[in-house]
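All remarks here apply to the structure that follows.
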Amino acid sequence: MVAVWAIALGMRLWRLGALEPPVFDEVYFPVFAQNYLDGIVPFDVHPPLGKYEIALGILAFGPTPLGMRISTALAGSLIPVAAAGLVYQLTDRARLARVAGCLMLVEGLCLVESRFGLMNVWLVLFGLTAQIYAIAGLRARGWKRTGLLAGCGALLGASVSVKWSGLGYALGLGGMGIVAVGTHLVLQQWGLSGREASQVLKQRLGVWGRVRSLHWWQYVFCLGVIPLSVYVIQWLPHIWLLAKAPPDSTGAFSTNTLSISTFAQQLADIHSQMLGGHANATPPTAGGDPVHPYCSTWWSWPFLGRPIAYFFQDDGNLWRAIYALGNPVLWWSSTVAIASLWVSNVRTSNGVSLYLVISYIANWLPWALVGRCIFLYHYMGSLVFSVLALALILERWLYHPRHLHRWLGWNLAIAILGCAIFFAPLWLGLPLSPDALYRRLWFQGRWLLEFNWI
């Protein structure tokens, strides 16, 4: 896993500052981060933690392309390791964890998002690490359990503090808790005693069968008070700057002190503005025309229908382009994998596969309720769980006693790696001839549902 992390870090640091910003949403987040350092309060529809993280890189390396991107690159390099760690906590199988880490290593969308001053990788990293702490907490006992669950709560709060969509990770954990408690009640209704029901629950759900052994105060404190406290505390620098600013520059109150009442009032006003910003965002179509050429629908994400062009440069005979485009073979096979786990859980469920399916749904389906323009990168939280589902199947095939399964597994692994090599120029902005570029844009024009890679 050290090797996986080193390769992931190298892929993200290579020529990191070569392109002059802004690239795509770098028009927002690094600018907001610099504003904080300059004592200026920016307004964004997202909480400030992600901008603070970017600001740390600017503090270390200055307002340069490298400074704007370095913290995101470091966070992104840890996502394959976090994915492997999550699988290991779930299964205690090191070989399976290594397969999961290697699959995330060749995932293109996470790589592209990690190489610019964007925030989605922080949301994913905090969310995945929160899951690791939650499972480790269920395995532990006594005060160690409380400490680990408190770490889970802090990381859940951090994920939501990057973007509100980080709530999907908390929804996944909550869904598993509801399943565990509901299954226990059903077993008791079938005539099993409480002890017998708990034993059956642990056999079927594994570590998730221990959810019922948590004390009520652990739920309230570790998974309620701590996440909320982290979310509120991260607003302190933002509102402190508001308190220092003159009214005519920000429209905010001007005072040299920050009381609890003024902090609460400002926090309420900011969230009212943020909610208004999300609610009043332009819907996907206005007058029949897309408001952004790369808007996509939530149901198209599992099929990689509409990637996003982040950068294009015409150097004459050679073009440079960067696409927020996943590894197609990995993407489609992981969608099939999570769907197969979904179907298998209808017949018979186990804790690992059920957790992956519920976490996938919790991070994906809420986007069906969003009426504004949304993009492929909003799928990153769900994508990790579908890739982990593929790791479960692929590892079983790679080491299966039957030759056919091993043949399928190794061919799929080679296809995923080959696809990563083929699409690397679009992830890293390497020079390509126009013909070579178009050979990588497999779907040109909206000819089938949402499929359009131009």
Original post:
Do Leu19 and Ile322 pass the side chain to side chain contact (heavy atoms under 4.5 Å, CB included) test, and can you show the C-alpha distance, the side-chain angles, and the key distance before you say yes or no?
Top reply: CA-CA 11 Å; Leu19 295 182; Ile322 296 178; 3.3 Å; yes

Original post:
Under 6.0 Å between the ring centres of Tyr52 and Trp122?
Top reply: no

**OP:** Examine distances only and state if a side-chain atom of Gln444 and a backbone atom of Tyr438 form a donor-acceptor pair shorter than 3.5 Å.
**Re:** yes

**OP:** Under the side chain to side chain contact (heavy atoms under 4.5 Å, CB included) rule, what do Leu242 and Ile270 come out as? Steps first, then yes or no, please.
**Re:** CA-CA 11 Å; Leu242 277 178; Ile270 290 169; 3.9 Å; yes

**OP:** Sort out for me which residue in Arg115, Arg69, Lys51 forms a salt bridge (charged side-chain N to carboxylate O under 4.0 Å, His left out) with Glu26.
**Re:** Arg69

Original post:
Between Cys295 and Cys373, is the SG-SG gap under 2.5 Å?
Top reply: yes

Original post:
Honestly, is Arg440 close enough over Phe422, meaning NZ or CZ under 6.0 Å from the six-membered ring centre and within 45° of the axis?
Top reply: yes

Subject >> Aromatic ring proximity Phe24/Tyr310, centre distance under 6.0 Å >> reply: yes

Original post:
Does Arg139 have any salt bridge (charged side-chain N to carboxylate O under 4.0 Å, His left out) partners at least two apart in sequence or in another chain, and if so, which?
Top reply: Asp92

Subject >> Ser382 to Asn363 - nearest heavy-atom pair and separation >> reply: OG-C, 3.0 Å

Original post:
How long is the gap from CG on Leu205 to CZ on Arg210, to the nearest 0.5 Å?
Top reply: 12.5 Å

**OP:** Apply side-chain hydrogen bond (donor to acceptor under 3.5 Å, both in side chains) to Gln218 and Thr146, showing your working.
**Re:** CA-CA 7 Å; Gln218 289 175 319; Thr146 302; 2.9 Å; yes

**OP:** Would you please classify the geometry between the Phe423 ring and the Trp427 ring as parallel, tilted or perpendicular, with 30° and 60° separating the classes?
**Re:** parallel

Original post:
Can Tyr169 and Leu155 be said to form a side chain to side chain contact (heavy atoms under 4.5 Å, CB included), step by step?
Top reply: CA-CA 10 Å; Tyr169 292 100; Leu155 287 159; over 6 Å; no

Original post:
Trp298 and ring-ring contact (aromatic ring centres under 6.0 Å, His included): which partner among Trp364, Phe303, Phe375?
Top reply: Trp364

Original post:
For Asp269 and Gln273, does a side-chain donor sit closer than 3.5 Å to a side-chain acceptor?
Top reply: no

Original post:
So among Trp331, Trp299, Trp367, which one has a ring-ring contact (aromatic ring centres under 6.0 Å, His included) with Tyr379?
Top reply: Trp331

Original post:
Yes or no on side chain to side chain contact (heavy atoms under 4.5 Å, CB included) for Cys222 and Leu214, after CA distance, side-chain angles and deciding distance?
Top reply: CA-CA 11 Å; Cys222 298; Leu214 298 182; over 6 Å; no

Subject >> Under 3.5 Å side-chain donor-acceptor pair for Arg12 and Ser77 >> reply: no

Original post:
Are the side chain of Ser359 and the backbone of Leu356 linked by a donor-acceptor contact shorter than 3.5 Å?
Top reply: no

**OP:** Assess the pair Trp217 and Phe221: is the distance between their ring centroids shorter than 6.0 Å?
**Re:** no

Original post:
Is there a donor-acceptor contact under 3.5 Å from the side chain of Ser71 to the main chain of Gly57?
Top reply: no

Subject >> Minimum side-chain heavy-atom gap Trp332-Leu304 below 4.5 Å >> reply: yes

Subject >> Heavy-atom neighbours of Trp5 CH2 exceed 12 at 6.0 Å >> reply: no

